[in-house]
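Notes follow the structure.
Note that the numbering runs from 1 along the sequence shown for the chain. In each ligand, atom 1 is the first atom listed, and ligand 1 is the first ligand listed.
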Amino acid sequence: MADATVPTPARLASRLHGLGTTIFAEMSALALETESVNLGQGFPDVDGPREIVEVAVSAMRNGRNQYAPGMGVPELRTAIADHQKRFYGLSVDPTREVLVTTGATEAVAAALLALVDPGDEVLALEPYYDSYVACIAMAGGVRVPLTLRPPDFRLDVDALRAAVTDRTRLMLVNTPHNPTGTVLTDDELRAVAQVAVEHDLVVVTDEVYEHLTFDGLAHRPLATYPGMWERTATISSAGKTFSLTGWKVGWVTGPEDLVRTVMMAKQFMTYTSGAPLQPAIAAALAMGDDFYAGVSAALQDKRDRLCAGLSDLGLEVFVPQGTYFVTTDIRPLGYDDGLSFCYDLPRRCGVVAIPHEVFYDDKEAGRPLVRWAFCKRHEVLDEAVARLSTLAGHGPD
Ligand code: PMP
Ligand code: GLN
């Protein structure tokens, strides 16, 4: 998480030491500077539906520019509740069981700050999405990794059981999982639910890639499992599903007491989130089944295209079941370290990717792995592969 090249500011509070600069900002800056094809930070290169943008524009033109209610505008809360019913059969009360946030990022931060006391242990899937590490640290918690290992990146259920102690407070579960692309199976989710119920844990789930699953695989929220609704804060966001990552509209659903708990922190972080964007996301969530099916079908094509290209270059490719990222082992290209590979790549061939290592406590486990984003136009993916092909057969300089 720490980037050794960035000095720690002298006055930085100790609980933020070692976090460095987010790898996504760093790599996107490097991509701009070197005019590289950016397969690093995960954002699509085509905007979401025009008609949704128009709803936001008209909300701005029609006076929806002052603070939204702290919990979110009523039509968005209703649309979120309807979405949970439509896709997962969950009955959610839009007045008490939905909280709109500034992206999933704020929802995760608020949940951790509101639920974790200093010294509490937080179980999380490793590789960790980077903001988890920072937010657990800001809450004073102690992260405990549940490491997903190649080639399948499955959850080790025995390791999960062994990781629970009397200080475990919370489990943070990201599925579909960034960066590995793992979608937890029914058996894995059942095991997580059993452990949570047995040890009376609170569970926070990050489901921002809920609609980005492939090969007919369906995402199923942990909140649908027996005994889980009452202990789960379910987080998602509009960014990925609707290709509107810059809008930062996210949400939490769950039982009233948990949603209120998260709200206790959120109200003092941002108070309320982007008013005119909320009615637009309400309209987006209500789009037809063909829209949702189209999102995953289009991405699956992109996944297949990039995976084939990377595999043809000789990389070991771990085909993802969801998200818009693919992981590879870069050792066939003569490197054994993804960090140096990713720092060399822009200069050597004009492509940016993300080293897994920054997402691990167990640096060895992540060392040879590199993440590539495929939420890009086909010609961009092809250009990246063409540039990378100049590397094949040549190790580090
Ligand atoms: N969680 C995961 C797993 C992510 O990959 C991301 C990044 N998009 C986020 C949360 C942040 O979501 P948002 O942009 O809605 O804050
Ligand atoms: N979630 C995006 C990714 O994993 C990045 C978002 C960010 O820059 N924080 O690439």
To check your reading of the model: name the closest protein heavy atom to [atom], its residue, and the distance in Å.
atom                    : result
atom 6 (C) of ligand 2  : Tyr129 OH, 3.4 Å
atom 14 (O) of ligand 1 : Lys248 NZ, 3.2 Å
atom 10 (C) of ligand 1 : Asp206 OD2, 3.3 Å
atom 11 (C) of ligand 1 : Thr105 OG1, 3.2 Å
atom 8 (N) of ligand 1  : Lys240 NZ, 1.8 Å
atom 12 (O) of ligand 1 : Ala104 CB, 3.6 Å

Under a 4.0 Å heavy-atom limit, does Asn174 contact ligand 1 with its side chain, its backbone, both, or neither?
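Only the side chain of Asn174 comes within reach of ligand 1.
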Of the backbone atoms (N, CA, C, O) and the side-chain heavy atoms from C-beta on, which set of Ser237 has a member under 4.0 Å from an atom of ligand 1: side chain, backbone, both, or neither?
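Under 4.0 Å from ligand 1, Ser237 contributes side-chain atoms alone.
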Side-chain donor-acceptor contact under 3.5 Å, [X] with [Y]:
X      : Y      : answer
Asp215 : Gln300 : yes
Thr34  : Ser36  : yes
Ser273 : Lys248 : no
Glu210 : Tyr292 : no
Asn38  : Ser28  : yes

Ligand-residue contact atoms, ligand 2 with [X], heavy atoms, under 4.0 Å:
X      : value
Phe24  : 3 (C), 4 (O), 5 (C), 7 (C), 8 (O), 9 (N), 10 (O)
Gln41  : 5 (C), 7 (C), 8 (O), 10 (O)
Lys240 : 1 (N)

Can you check whether Phe325 has an N/O within less than 3.5 Å of an N/O in ligand 2?
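N/O-N/O distance under 3.5 Å: no.
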Check whether any N or O atom of Arg371, backbone or side chain, sits under 3.5 Å from an N or O atom of ligand 2, and answer yes or no.
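Indeed, backbone or side chain, Arg371 has an N or O that close.
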Between [Y] and [X], is there a side-chain heavy-atom distance shorter than 4.5 Å?
X      : Y      : result
Val249 : Leu76  : yes
Val326 : Arg303 : no
His177 : Thr323 : no
Val133 : Leu19  : yes

Any heavy atom of Tyr209 sitting closer than 4.0 Å to ligand 1?
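Within the 4.0 Å threshold, so yes.
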When the ring centroid of Phe242 is compared with that of Phe291, is the distance short of 6.0 Å?
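When the ring centroids of Phe242 and Phe291 are compared, they turn out to be within the sub-6.0 Å range.
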Atoms of ligand 1 close to Asn178 [distance to a heavy atom under 4.0 angstrom, numbered from 1]:
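Counting from 1, the qualifying ligand atoms are 3 (C), 4 (C), 5 (O).
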Using a 4.0 Å heavy-atom threshold (strictly under), name the region of Asn178 that reaches ligand 2: side chain, backbone, both or neither.
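Asn178 to ligand 2: side-chain contact only, backbone stays beyond 4.0 Å.
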